[in-house]
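Hydrogens, waters and symmetry mates are skipped; everything else that's a heavy atom, side chains included, is used. Naming convention: chains lettered A, B, ... in sequence-line order (proteins, then strands); numbering from 1 in each chain.
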Amino acid sequence: MSIRAPRKGENYELSVDLNSEYRDKRKDAIKRVIASMTVGKDVSGLFPDVLKNMQTDDLEQKKLVYLYLMNYAKTQPELVILAVNTFVKDSEDPNPLVRALAIRTMGCLRAEKIIDYLCDPLQRALRDDNPYVRKTAALCVAKLYDLKPELVIENGFLDQLRDMISDSNPMVVANTVAALTDIHISATSNQPSDSTSDPAVFSITSAILNKLLIALNECSEWGRVAILNALARYDATDDKESEHICERVVPQFQHVNGSVVLAAMKVIMIHIRHVRRDDLVKQLIRKMAPPLVTLLSSPPEVQWVALRNINLLLQKRSDLLSNEMRVFFCKYNDPLYVKIEKLDIMVRLASDSNVDALLSELKEYSSEVDVDFVRKSIKAIGQTAILIESAAERCVNVLLELINTRVSYVVQEAVVVMKDIFRKYPSTYEGVIPTLCANLEELDEPEAKTSLIWIIGEYADKIDNADELLGIFVDSFIEESYQVQLQTLTAVVKLFLKKPDSSQGVVQRVIAIHHDVRDRAYIYWRLLSTDPGAAKAVVLAHRPPISIPRTTVSPALLEELLGEISSLASVYHKPAETFVGHGRVGADSVQRKGSEISDAQKALQTVVAGQQAENLLDFGDDSAQDGQPSGLAATQILPSTPAAANFLSGTSANPLDDLVSIFGGMETMDTGAGSLSTALSPTVTSLSSPFEGFGGSSAPPSQPAQNAQPQEDLLGLF
Amino acid sequence: MAIDGLIILDPTGRPIIQSSYTTYPAAYPLLHIEALNNALAKAPREGSVDPVIYVGELSCSSACCHVEVGGMRFLATISGDVDPLIAFAFLDAFTEILQDYFGVVSVATLKDNFDIVYQLLEETLDSSGHPLTTSPNLLSDIVLSPSLISKLLASVSATPGVPSVRQGGSFGSNGASGAFTSPIPWRKAGVRHNHNEILFDVVEEMRGIVGKNGTTLASNVFGKIESNSKLSGTPDLTLTFTNPNVMADCAFHPCVRLQKWTRDNALSFVPPEGRFILADYQYRPPQSAVVSNVPIPLSLKANMDMGEFGGTFALTLTSRLIKVMENLELKFYLGEDATSAQCTLSSAGSSVGSVGSADGSWSFNSRTKTLQWEILNMRSSGSWILRGSWTSKIKAPRPAHAFQIRFEIPSYSFSSLKVDQLRLSSETYKMYKGVRMRSKGSIEWRW
């Protein structure tokens with residue numbers, strides 16, 4: 001048994017006090033023991049002394065002793081056995097609080113040997129007269145199942161729990177539902193997926209449904225959440241039943257507790273799928289808006305969770321909050337995470353009728369101090385321009401005003417956004433170009449530079465001094481980042497095709513340097529020298545107009561996530577399995593969901609996704625997904641590519657490599673279907689990271705594979 | 001599986017109190033504490049850490065939801081696919097319970113009463129992750145509050161050896177049978193008061209944004225009916241209003257019978273004992289305009305002049321109300337590089353005479369770089385003026401483009417909600433009834 005502590009020191013004093021003849025002294029000593037325990041001191045040596053104080057009429061003292069036992073049960077189970085008799089005795093105490101306490105603590109001890117003694121008291125407790133004891137016992141069954149499922153089944157606890165759904169006390173019903181749900185989850189998750197036997201421990205029948213609906217209105221907020229979560233799992237037999245459930249659940253929207261409201265939303269979103277009556281659907285949707293707005297008057301943490309859920313709901317029901325945009329206006333002292341979510345939702349709610357208010361807000365935000373938020377706001381202006389054609393001109397004007405502020409990061413972000421607007425509305429806002437070019441010196445970020453270079457290349461024939469402007473970038477070509485180099489090259493070729501007379505010199509100056517850049521340069525060179533017509537077809541090909549999907553997740557995933565409203569999944573906008581346990585499987589299934597589209601569509605989406613990635617105009621900016629708002633800025637920074645390292649260390653020695661990669665590059669150009677910038681821009685690969693796979697509806701993980709495939713084939717030929 | 005546990009961290013990020021985490025490896029709570037501390041350390045500024053931090057180190061990945069309370073961090077760890085809102089709602093409920101028990105929630109009070117905090121934790125959160133009893137009404141029976149303990153001890157003049165009142169199981173069994181056999185889950189049975197009273201506090205809070213040109217961009221008024229009930233027996237109350245239609249988007253305490261409200265706009269309920277929030281609502285003014293903004297009860301004129309290495313300003317505040325506004329506070333963030341500020345206060349057109357220093361004061365907080373202007377009593381006539389300048393380390397200073405204004409208006413409600421009457425049925429005693437109105441506002445005023 002335990003070794004006595006030496007006859008001095010703190011523990012010795014405690015031990016003396018624990019054996020004192022005075023109650024108060026003993027109780028005080030127990031408190032001190034617990035205090036030592038919580039700061040991490042080892043007081044396990046006092047176990048027998050503490051145990052002596054377990055039999056007491058003082059409930060508080062008893063609780064403290066139990067606390068001590070729970071703490072050491074895991075490390076010293078053999079000692080806890082000494083307490084078993086008292087536990088069993090307490091479970092028959094006349095005081096229901098003591099009975100419940102004993103059952104609860106025994107359930108928490110998790111010591112094998114205790115568990116064998118637990119079954120009889122638990123059996124009694126489940127049938128106790130006192131509802132407090134019954135509801136404690138119900139949860140205890142779930143804990144027992146976690147440790148030894150066979151004991152639960154042998155003792156018929158499961159059937160007893162199922163009977164308790166009809167208990168007269170709503171709190172008992174709620175805890176029973178919670179316990180059954182826990183057991184159900186652990187039973188179904190342990191079951192191998194190919195097993196034929198039905199793992200459902202807690203299948204909800206119509207009879208149970210009605211009991212749950214009755215208990216729903218009578219129990220505490222936590223009980224309601226448990227019941228609502230169970231209702232969300234129920235498969236309605238017909239549309240009448242779905243309607244019934246919706247009608248009964250809707251009053252929960254008026255609960256003061258936000259988690260009840262969100263759990264009720266989840267139930268409605270699931271069962272509304274089967275509601276056929278249009279008037280009811282409309283009515284339900286109308287009733288969802290006010291509680292969501294009310295949640296926004298909560299503390300920022302709650303707001304954030306609500307906003308993430310609202311974001312998801314809006315993707316399915318865009319009309320949900322159409323008149324409520326003002327509620328989402330950002331305040332200066334809102335935390336950044338709240339602001340960013342609000343911004344996203346504001347753009348989602350943009351329409352012809354409110355776009356002016358939206359734009360003046362976005363302009364306001366663009367003058368704030370926080371760089372991340374400012375950038376995000378400017379992006380939002382671009383998104384608005386692309387979503388609402390009639391407002392595009394106003395957006396452009398706002399952007400021009402922002403450029404005139406000459407604040408460096410504002411100008412750079414605005415230039416990037418302008419490029420996207422040019423792509424959406426080609427040849428509409430050429431008047432802006434001089435202003436953009438005037439700020440050329442301001443630009444020091446690669447993305448802003450590439451954007452401006454793209455614009456110059458694209459409108460080379462309209463810009464008188466295009467060769468001069470591009471000349472500036474050609475002069476500093478070596479120092480520029482890889483991305484800028486490629487874009488400069490393409491722009492110079494475009495310039496040559498449009499104004500062959502004045503720009504030959506520039507083209508020849510560019511043909512140099514880095515092997516990847518040079519590869520592309522060679523392709524252009526060969527195209528230009530053999531067939532300028534073909535070069536035109538490739539380089540100046542018509543690009544599909546840019547568009548922004550209204551959703552950030554694929555439709556299948558959206559449906560799944562809507563079923564997960566009021567859950568962690570809805571906050572991360574990722575299906576639960578990706579972060580609950582089976583991560584690997586989850587990632588696969590997301591890909592599978594993404595690939596449920598035909599190949600042709602996929603190819604098209606590849607192009608679009610590439611553009612989105614390049615434009616960074618996708619809604620699903622993964623700020624929340626990686627848990628860091630600062631990730632926002634990070635997505636824009638060009639990762640240093642290994643190719644760049646190659647460049648620094650001199651070009652590759654193997655000429656075969658070069659040849660191969662030229663053809664590889666050619667091949668990609670073809671598959672890239674005329675979107676050169678998509679196929680060759682490193683931004684695409686950098687952004688089709690797994691996160692973007694969730695964010696953009698279809699960012700293609702297959703892209704690198706496409707690149708690799710033809711290379712191998714060609715190698716085979718050689 | 002829901003909330004695995006709760007950890008309370010002191011301002012330096014060390015755990016003070018945590019739930020037992022018996023079913024988890026010992027590293028489990030530590031990993032979450034570390035994840036939170038790392039995130040907080042990495043954050044460039046306050047309020048930029050996501051409230052839900054994902055912890056993926058363990059095979060069963062989980063997340064921690066955290067809030068700040070009295071300088072401490074309350075951290076609820078959740079695993080599985082759980083609504084983070086449950087965690088926040090629980091944290092909120094738990095904080096409220098602590099406030100109920102200790103008055104002030106601080107490191108000192110929690111450390112002094114750690115045994116009570118532990119008991120509360122045990123009672124409110126099951127180790128399987130389900131929140132249990134969070135109703136203060138029921139908890140007060142199971143866990144005695146420190147004030148009650150000291151009162152009892154004082155009255156019994158604790159002699160060693162003499163069993164104190166709390167021992168002998170009398171309190172336990174009485175409380176338990178009272179609390180948990182009650183047919184009404186939120187109310188304990190058998191409550192007796194010599195003096196029966198119920199008080200209602202209608203608190204309305206305006207949140208608004210005013211644009212550069214002085215137009216109201218958004219203003220919403222959220223109302224709350226806070227109640228404090230000390231009534232014997234099982235009182236069945238009906239509260240009616242003369243103008244219930246000003247309350248929109250209501251949410252109610254579970255005790256309110258929803259059907260009655262939908263049918264005759266009357267609040268019919270059996271209240272819990274003590275303090276509780278009867279209803280939440282939003283005040284929507286009559287739909288005259290397209291945008292239903294509630295008018296802002298004050299106006300601010302700001303003349304800003306930005307110069308190099310600083311700037312000057314002249315701010316004029318005027319009340320638009322007949323009522324006196326109290327504790328008005330205007331905050332102005334002067335930018336990260338602000339170094340100092342100098343101001344003078346004055347007033348104009350006030351019939352009561354010159355505004356003494358008691359009426360207004362200003363200060364510059366060099367840590368938060370914020371200028372603060374306070375007016376304790378702002379009467380309806382006249383205007384208050386703050387003129388001054390500030391200096392900055394950089395040539396083109398970047399102060400906030402908005403002022404944050406907070407104010408309180410006693411005995412006033414934006415909605416003019418009026419209680420018609422409160423009827424008591426099912427009990428025969430006379431009760432004292434009271435209704436108080438109170439309003440406050442937080443306005444962002446841009447320039």
Please report the C-alpha distance between A:E301 and B:E68 in whole Å, then the side-chain angles of each, then the deciding distance to 0.1 Å, and finally whether the side chain to side chain contact (heavy atoms under 4.5 Å, CB included) criterion is met.
-> CA-CA 10 Å; A:E301 296 85 15; B:E68 203 213 309; 6.0 Å; no
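At distances below 3.5 Å, at least one donor-acceptor pair connects side-chain atoms of B:E444 with backbone N or O atoms of A:Y332.
Heavy-atom pairs under 4.5 Å with chain B peak, among A:A100, A:A142, A:A178, at A:A178. Contact count against chain B (heavy-atom pairs under 4.5 Å) is highest for A:E361 among A:E361, A:M171, A:K287. Per-residue counts of heavy-atom pairs under 4.5 Å with chain B were compared for A:K143, A:E368, A:K25; the largest is that of A:K143. Across A:C108, A:C140, A:P300, A:S360, the residue that shares the most heavy-atom pairs under 4.5 angstrom with chain B is A:C108.
Using a 4.5 Å cut-off between heavy atoms, B:H253 contacts chain A through its backbone alone, with no side-chain atom that close. Residue B:L91: no heavy atom, backbone or side chain, is found under 4.5 Å from chain A. Using a 4.5 Å cut-off between heavy atoms, B:I86 touches chain A through backbone and side chain atoms alike. Using a 4.5 Å cut-off between heavy atoms, B:F88 touches chain A through its side chain atoms alone. Heavy atoms closer than 4.5 Å to chain A are found in both the backbone and the side chain of B:S442. Proximity to chain A is absent for every atom of B:R14, based on heavy atoms less than 4.5 angstrom apart. Looking at A:F328, there are no atoms closer than 4.5 Å to chain B (heavy atoms on both sides), in backbone or side chain. With a 4.5 angstrom heavy-atom cutoff, B:E336 does not touch chain A via any of its atoms. Only the side chain of B:A93 comes within contact range of chain A, with heavy atoms under 4.5 Å apart. Looking at A:N257, only its side chain comes within 4.5 Å of chain B, counting heavy atoms on both sides. Contact of B:K212 with chain A is made through the side chain alone, with heavy-atom distances under 4.5 Å. If you measure heavy-atom distances from B:Y333 to chain A, the contacts under 4.5 Å come from the side chain alone. Contacts of B:A89 with chain A are made by both backbone and side-chain atoms, with heavy-atom separations under 4.5 Å.
Between B:H130 and A:D182 the shortest heavy-atom distance is NE2-OD2, 2.7 Å.
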